[in-house]
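The model shown is predicted, which means the values in this text are computed figures rather than measured ones. Here is the naming used below: chain letters follow the sequence lines, and residue numbers restart at 1 for every chain.
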Amino acid sequence: MLSRIVSVSLSAILAENFIFSRFLGICPFVGVAGCRDTAVGMGLAVTFVMSLASAVCWWVDRLLTALGLAYLQTLAFILVIASLVQFVEMFLRKNIPSLYRSLGIYLPLITTNCAVLGAVLLNAQEGSGFFESVFFGAAAGLGFLLAITLFAEVRERLDYSAECPKCFEGTPISLITAALIALAFMGFRGMKIL
Amino acid sequence: MEEKKLYVSSGPHIRGKESVSSLMLSVLLALLPALLAGVYLFGLRALWVVLVSVGSCELFEWGWCALTHRQNTLRDLSAAVTGLLLGLSLSPTVPLWLPPVGAFFAIVVVKQLYGGLGKNFLNPALAGRCFLFAWAPLMSSWVAPRCADAVSAATPLAVMKTLSLPPESLLSSFLGFKGGCIGEVSAAALLLGAAFLLLRGVIRLRIPLSYLLTVAVLTFLFPRGNERILWMSHQLLSGGLLLGAFFMATDYVTSPTTARGQLLYGVFCGVLTVLIRYFGSYPEGVSFSILIMNLLVWTLDRLHMRRVFGHGKEART
Amino acid sequence: MKLGRIFREGLVKNNPVLSLLLGLCSTMAVTTSLFNGLGMGLSVTVILCCCNVCISLLRRLIPDSVRIAVYVVIIAGFVTVVDLLLQALLPALSESLGVFIPLIVVNCIIIGRAEAFASRASVPEAFADGLSQGLGYTAVLVIMSVVRELLGSGTFGAGVFNGGAGWQLFPEEYACSYLILPFGGFLTLGCLIALVQHLRTRRSSPESREEGGAC
């Protein structure tokens with residue numbers, strides 16, 4: 001059990017990183033990773049919501065299957081995620097204001113982060129168990145955190161030094177930077193621990 | 001009366017005699033033994049691969065400078081070093097159209113798009129090589145050394161991937177009588193070149209030593225099989241480890257500048273290399289682990305930057 | 001009236017992917033072959049048109065405070081319909097797009113257009129906007145898939161032309177397999193946007209710059 005969880009988590013963080021291998025969560029990845037602190041905040045918020053959503057949606061999925069309403073999966077999941085985000089936001093604002101101040105502004109953006117819905121849908125597709133789902137969600141979130149932080153680090157360095165051609169300035173060079181990071185991450189492909 | 005001119009310039013004001021081109025020339029010279037060993041072991045075909053690689057790197061560098069109306073940077077020899085490193089880390093059997101593709105990626109995408117030498121955040125030669133892994137079947141067909149009719153052979157790392165020790169003796173592996181990339185096979189030639197660079201002060205021992213030691217310790221502690229020492233020695237001598245540790249991980253542009261940063265960089269490179277060799281889908285992990293650590297150079301440097309006295313915590317960032 | 005202008009904006013000037021950087025995940029994930037790219041583009045176009053029309057019709061009824069939630073429900077409804085239709089009619093496409101069909105729900109293009117345009121436009125305008133944005137998205141997807149399919153697997157139009165077989169333009173062993181992976185997605189999109197920026201700066205005479213400030 002433990003080894004299974006470790007292997008699922010490591011593969012979701014490195015080998016099957018949501019951004020560098022599964023094409024999920026790229027919009028916030030490109031949009032937010034302007035500076036390091038924002039990136040870390042966003043990554044932490046995503047990790048948090050993702051693990052929570054994985055847990056809740058596992059029960060919702062069970063419920064829908066029992067009721068014979070499996071075709072409403074997508075609709076139900078997105079509603080769960082949206083309300084979860086809302087709920088987390090309210091809870092944090094009231095009870096842990098310091099955490100709210102650092103994560104709060106990123107929370108509304110997470111509803112439309114396809115990494116969260118993607119993780120939940122993948123869990124449902126795989127038919128994984130409860131703990132496996134939660135760990136997969138958390139690990140995928142950590143993978144997102146790793147990717148977005150690395151990207152922000154590299155971009156910060158490039159802001160100091162790079163002098164790219166006019167037409168590559170801005171978005172294109174960031175995308176190419178992301179491509180090069182993805183190339184480096186290719187080393188983790190197919191990595192299996194066990 | 002003679003008018004004295006006062007020149008005002010920004011730092012650095014203390015300049016050594018070394019220039020970029022003389023450093024690069026030393027690296028080129030240091031790689032010469034490895035090239036000669038490769039040509040001796042794999043025949044003239046290997047020389048062609050390396051020449052095409054160097055030539056196309058130079059060509060793309062020149063072409064880019066001409067296209068963007070920049071000063072021609074061929075004379076700093078960095079493109080030649082990239083080309084030589086790329087060529088040396090290819091199999092002698094690759095078709096001759098492959099090196100130019102890697103050279104294009106290395107020079108144009110990895111280096112020049114970011115503004116040329118010193119601005120790139122990945123080692124161009126390594127990135128070019130990793131890009132060429134897209135043609136995996138072409139990149140990983142190996143031949144036995146000193147064979148006229150190109151007998152295909154497995155590299156020691158591919159053998160070790162199946163959890164058994166390679167058939168070569170340690171001595172022949174040290175000298176280079178095994179399958180592998182042109183410049184990677186002969187540990188003796190690589191160490192000769194590395195010694196030259198160390199004596200000339202072009203590179204320092206921190207990164208290579210911490211890198212190699214980490215690999216040695218990890219492979220000694222976690223051997224596959226019973227022969228710890230033999231397993232460790234083969235892991236150290238095989239693949240691109242020596243070439244990577246001495247010539248690629250020490251690249252000025254893409255390695256940390258602080259001492260502790262360099263040590264950490266080497267250690268992490270070693271850990272990642274062993275991780276990919278043991279658990280990854282590629283038999284060799286040196287290129288990818290150095291590339292991954294290239295991404296963290298900025299972070300490592302910032303961690304150990306000296307704090308300016310009188311400034312708060314902010315001064316570190 | 002200004003339907004023509006809406007079209008021009010969606011296809012070129014305010015192209016959702018190239019200018020607004022919306023919907024990047026699906027743009028990169030599905031453009032591994034023309035078949036996938038075209039299928040995804042047209043599905044999004046259909047959903048975008050339906051949602052825009054629906055939201056424009058209901059725009060006076062939706063309370064402002066819960067509008068985003070209502071939009072999400074409307075979008076998710078249409079996505080589910082399209083998902084089930086594809087599963088029934090084009091199982092091959094549904095299989096190869098996989099999780100990215102239900103993920104259209106969180107495609108920022110759709111919710112972005114709902115919020116920015118459809119919620120305050122008449123029905124024909126909203127429809128035109130949906131169609132033009134959808135086609136603009138499809139155009140980018142098609143360009144990217146043609147490039148990535150050609151260089152990444154050496155084929156053109158596999159699954160679409162030539163009785164589904166497509167044409168093998170050069171042997172697969174010469175193709176750069178990495179272009180089909182995320183690496184290739186980032187690289188191709190980066191180059192495409194750079195090309196667009198290049199063409200724009202080249203064309204940008206003083207009057208077009210003024211125009212650019214208006215939007």
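Residues C:Phe186 and A:Phe29 are in side-chain contact: their nearest non-hydrogen atoms beyond the backbone lie under 4.5 Å apart. Side chains of C:Met28 and A:Leu175 form a contact here, defined as non-hydrogen atoms less than 4.5 Å apart. Side-chain contact check for C:Phe100 versus A:Leu24: some heavy-atom pair is nearer than 4.5 Å. Here the side chains of A:Gln73 and C:Pro102 are not in contact, with every heavy-atom distance at 4.5 Å or above.
For the set C:Val73, C:Thr188, C:Leu192, the entry with the most heavy-atom pairs within less than 4.5 Å of chain A is C:Val73. Among the candidates A:Ala179, A:Ala178, A:Gly25, A:Ala182, the residue making the largest number of heavy-atom pairs closer than 4.5 Å to chain C is A:Ala179. With chain C as the partner, the residue from A:Ala82, A:Cys114, A:Ala115, A:Ser83 showing the most heavy-atom pairs under 4.5 Å is A:Cys114. When the candidates C:Leu22, C:Val99, C:Thr80 are compared by the number of heavy-atom contacts under 4.5 Å with chain A, C:Val99 comes out ahead.
A distance of 8.0 Å separates CD in A:Glu169 from CD in C:Gln197, rounded to the nearest 0.5 Å. Here CG of C:Leu181 is found 10.0 Å from CG of A:Leu183. Values are rounded to the nearest 0.5 Å. Atom SG of C:Cys108 sits about 8.5 Å away from atom CG of A:Asn113, to the nearest 0.5 Å. A distance of 15.0 Å separates CZ in A:Phe185 from CZ in C:Phe183, rounded to the nearest 0.5 Å. A distance of 10.5 Å separates CD1 of C:Ile193 from CZ of A:Phe168, quoted to the nearest 0.5 Å. The CD1 atom of A:Ile26 lies 4.5 Å from the SG atom of C:Cys25; values are rounded to the nearest 0.5 Å.
Of the two parts of A:Gln86, neither the backbone nor the side chain holds a non-hydrogen atom closer than 4.5 Å to a non-hydrogen atom of chain C. Contact of A:Arg22 with chain C is made through the backbone alone, with heavy-atom distances under 4.5 Å. Contact annotation for C:Leu84: only side-chain heavy atoms (C-beta onward) come within less than 4.5 Å of a heavy atom of chain A. Heavy atoms closer than 4.5 Å to chain C are found nowhere in A:Ile81, neither backbone nor side chain. Heavy atoms of C:Ile111 lying under 4.5 Å from chain A belong exclusively to its side chain.
Counting non-hydrogen atoms of neighbouring residues, nucleotides and ligands closer than 6.0 angstrom, the CD atom of A:Glu126 reaches no more than 12 such neighbours. No more than 12 heavy atoms of other residues, nucleotides or ligands shown are found within 6.0 angstrom of CZ on C:Phe127. In A:Phe87, the CZ atom is not crowded: 12 or fewer heavy atoms of neighbouring residues, nucleotides or ligands sit closer than 6.0 Å. A:Phe131 CZ: 12 or fewer foreign heavy atoms inside a 6.0 Å radius.
Contact detail for A:Cys27 and C:Gly23: the closest heavy-atom pair is SG-N, 3.7 Å.
The side-chain contact (heavy atoms from CB on, under 4.5 Å) test with C:Val105 singles out one residue from A:Leu75, A:Ile78, A:Leu121, and that residue is A:Ile78.
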